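Position 1 is the first residue of the sequence, and the numbers go up from there. Here the structure is a predicted model, which means the values were calculated and not measured.
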Amino acid sequence: MAERKSASSTQWLSGFHAVEAALQHDPERVLSVIFEQGRQDKRVQQLRVLAESRGVSIEEAPEKVFADRVRADRELARHQGVLARYQPKPAGNEHDLFALLDRLDEPAFLLILDGVTDPHNLGACLRSAEAAGVQAVISPKDRAVGLTPTARKAASGAAERLPFIQVTNLARTLADLKSRQIWVVGAAGGGMVSLYESDFAAEPVALVMGSEGEGLRRLTQESCDQLIYIPMRAPVESLNVSVAAAVCLFEFRRVRDRTAIQTGALSQ
């Protein structure tokens, strides 16, 4: 077992999904798992066994300790009787992104979030991105949410498995991606091309989704090779960013898989 990391910059994870994902995929960074006293149900027992198998310290605490922790951090409110002290690895940076791209043996498929601030939305986007086969999720460092405990919980394990990259200058990163022959496609209400008619779904592509309220920033839109929209029936005019991301990602995945089958790169 790798040496435990120090607890100098720990997060609290709460709930079975978040704690189990950390134990499964990043156990050396789990400092301890705390169970509410008196909980002996099957899920608790299974999580105990998993923590023990990973060499992670197990503690028990009364309900008051959990209540006090929730008062200090409302993100932990739905703890389900289990908490974990966790030291997450830092998000990746531009260097990590381009190193990842250099290692790819298939066309790039990236999700870029232009200023998403709700951790639930970030977590849901990560989960959909992993399910759709995205290789990395990219977000600006400033004016955007990072991998908070709530985001990790909403991601249901994707935050521990899928590379999450935070960049200093999103416009510069988009330009760098384009220099690598990766098409940049933005989803915007004012897009001129339907999602279902995009020319780039099967190409090396970075799909860009905007923030919850403002959508894509002007500079981001100007950096895109194409702006697409999701056809919707009235009176609905827009979707939550995580829902819109899932719709676009899985349409791109459908086209990519169909193209791969037609070219013989993917068997049916």
Side-chain angles (χ1 to χ4, degrees), residues 97-98 100-116 121-122 124-140 155 158 161-165 167 170-171 173-212 215-233 236-268:
L97 171 62
F98 298 121
L100 180 152
L101 293 174
D102 288 339
R103 296 193 302 269
L104 290 181
D105 57 4
E106 60 182 352
F109 187 23
L110 307 172
L111 174 63
I112 299 176
L113 303 175
D114 183 20
V116 169
N121 283 334
L122 173 59
C125 286
L126 286 166
R127 189 174 186 183
S128 294
E130 183 183 41
V134 163
Q135 295 128 353
V137 174
I138 303 163
S139 175
R161 296 185 294 263
L162 183 63
F164 179 67
I165 308 293
V167 299
L170 184 57
T173 298
L174 295 178
D176 289 339
L177 291 175
K178 293 166 75 171
S179 73
R180 287 174 169 254
Q181 311 306 311
I182 296 173
W183 298 98
V184 177
V185 177
M192 299 301 292
V193 178
S194 165
L195 163 66
Y196 306 110
E197 297 173 348
S198 174
D199 301 320
F200 306 118
E203 302 293 332
V205 67
L207 175 66
V208 192
M209 308 299 300
S211 65
E212 293 89 349
L216 294 180
R217 291 176 293 175
R218 179 186 58 79
L219 187 57
T220 302
Q221 291 195 37
E222 292 174 354
S223 299
C224 291
D225 295 299
Q226 186 179 68
L227 292 176
I228 61 173
Y229 67 92
I230 301 173
M232 286 179 280
R233 295 187 178 183
V236 178
E237 296 182 351
S238 64
L239 297 173
N240 174 281
V241 62
S242 64
V243 175
V247 171
C248 293
L249 287 171
F250 281 99
E251 170 59 14
F252 275 32
R253 170 50 58 194
R254 182 190 69 82
V255 174
R256 296 170 83 82
D257 286 350
R258 183 189 64 191
T259 302
I261 291 172
Q262 290 172 345
T263 59
L266 180 70
S267 60
Q268 295 187 13

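- The nearest pair of heavy atoms linking Cys125 to Ser242 is SG-CA, 3.7 Å.
- In terms of modelled atom types and a separation under 3.5 Å, the side chain of Thr220 and the main chain of Leu216 share no donor-acceptor contact.
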Enumerate, atom names and distances included, each donor-acceptor pair closer than 3.5 Å involving a side-chain atom of residues 131-139, sequence neighbours excluded.
unit_1	atom_1	unit_2	atom_2	d
Gln135	OE1	Phe109	N	2.5
Gln135	NE2	Glu106	OE2	3.3
Gln135	NE2	Pro107	O	3.1

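- Looking at every heavy atom in both residues, Ala158 comes nearest to Glu130 through CB-OE1, 3.4 Å.
- Counting all heavy atoms, side chain and backbone alike, Ser223 lies closest to Leu174 at CB-CD1, 3.7 Å.
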(Q) Does Phe252 form a side-chain contact (heavy atoms from CB on, under 4.5 Å) with Leu111? I'd like the steps, not just the answer. (A) CA-CA 11 Å; Phe252 275 32; Leu111 174 63; over 6 Å; no

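- Pairing each heavy atom of Val241 with each of Gly210, the nearest pair is CG2-O, 3.2 Å.
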N/O donor to acceptor pairs below 3.5 angstrom from side-chain atoms of residues 194-202, sequence neighbours left out:
unit_1	atom_1	unit_2	atom_2	d
Ser194	OG	Tyr196	N	3.1
Ser198	OG	Phe200	N	3.2
Ser198	OG	Gln226	OE1	2.7

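- Using a 3.5 Å distance cut-off with no hydrogens or angles, the side chains of Glu212 and Asn240 do not pair a donor with an acceptor.
- Sorted by first then second residue, the salt bridge (charged side-chain N to carboxylate O under 4.0 Å, His left out) pairs that include residues 238-247, not counting sequence neighbours, number zero.
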Candidate pair Leu177 and Leu110, rule side-chain contact (heavy atoms from CB on, under 4.5 Å), full reasoning: CA-CA 10 Å; Leu177 291 175; Leu110 307 172; 3.9 Å; yes

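- Looking only at side-chain heavy atoms (C-beta outward), Arg256 and Val205 come within less than 4.5 Å of each other.
- Of the possible donor and acceptor atoms, none in the side chain of Arg103 sits under 3.5 Å from a partner among the backbone N and O of Phe98.
- A donor-acceptor pair under 3.5 Å is absent between the side-chain atoms of Asp225 and the main chain of Trp183, judged by distance alone.
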Please lay out, stage by stage, how Asp114 and Met209 fare under the test side-chain contact (heavy atoms from CB on, under 4.5 Å). CA-CA 6 Å; Asp114 183 20; Met209 308 299 300; over 6 Å; no

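- With rounding to the nearest 0.5 Å, the separation of CG in Leu239 from CE in Met232 is 4.5 Å.
- Annotation: side chain of Tyr229 is not in contact with side chain of Val193 (no heavy-atom distance under 4.5 Å).
- Using a 4.0 Å cut-off between charged side-chain N and carboxylate O, Asp176 and Arg180 make no salt bridge.
- For the pair Phe250/Val255, no side-chain contact is recorded, criterion being any heavy-atom separation below 4.5 Å from C-beta on.
- Shown here for Arg217 and Pro140, the closest heavy-atom pair between the two residues is NH2-CG, 4.4 Å.
- The distance from the CD1 atom of Ile165 to the CG atom of Leu113 is 12.5 Å, given to the nearest 0.5 Å.
- A donor-acceptor contact shorter than 3.5 Å is absent between the side chain of Lys178 and the backbone of Cys224.
- Across all non-hydrogen atoms, the minimal contact from Ile112 to Ala206 is CD1-CB, 3.8 Å.
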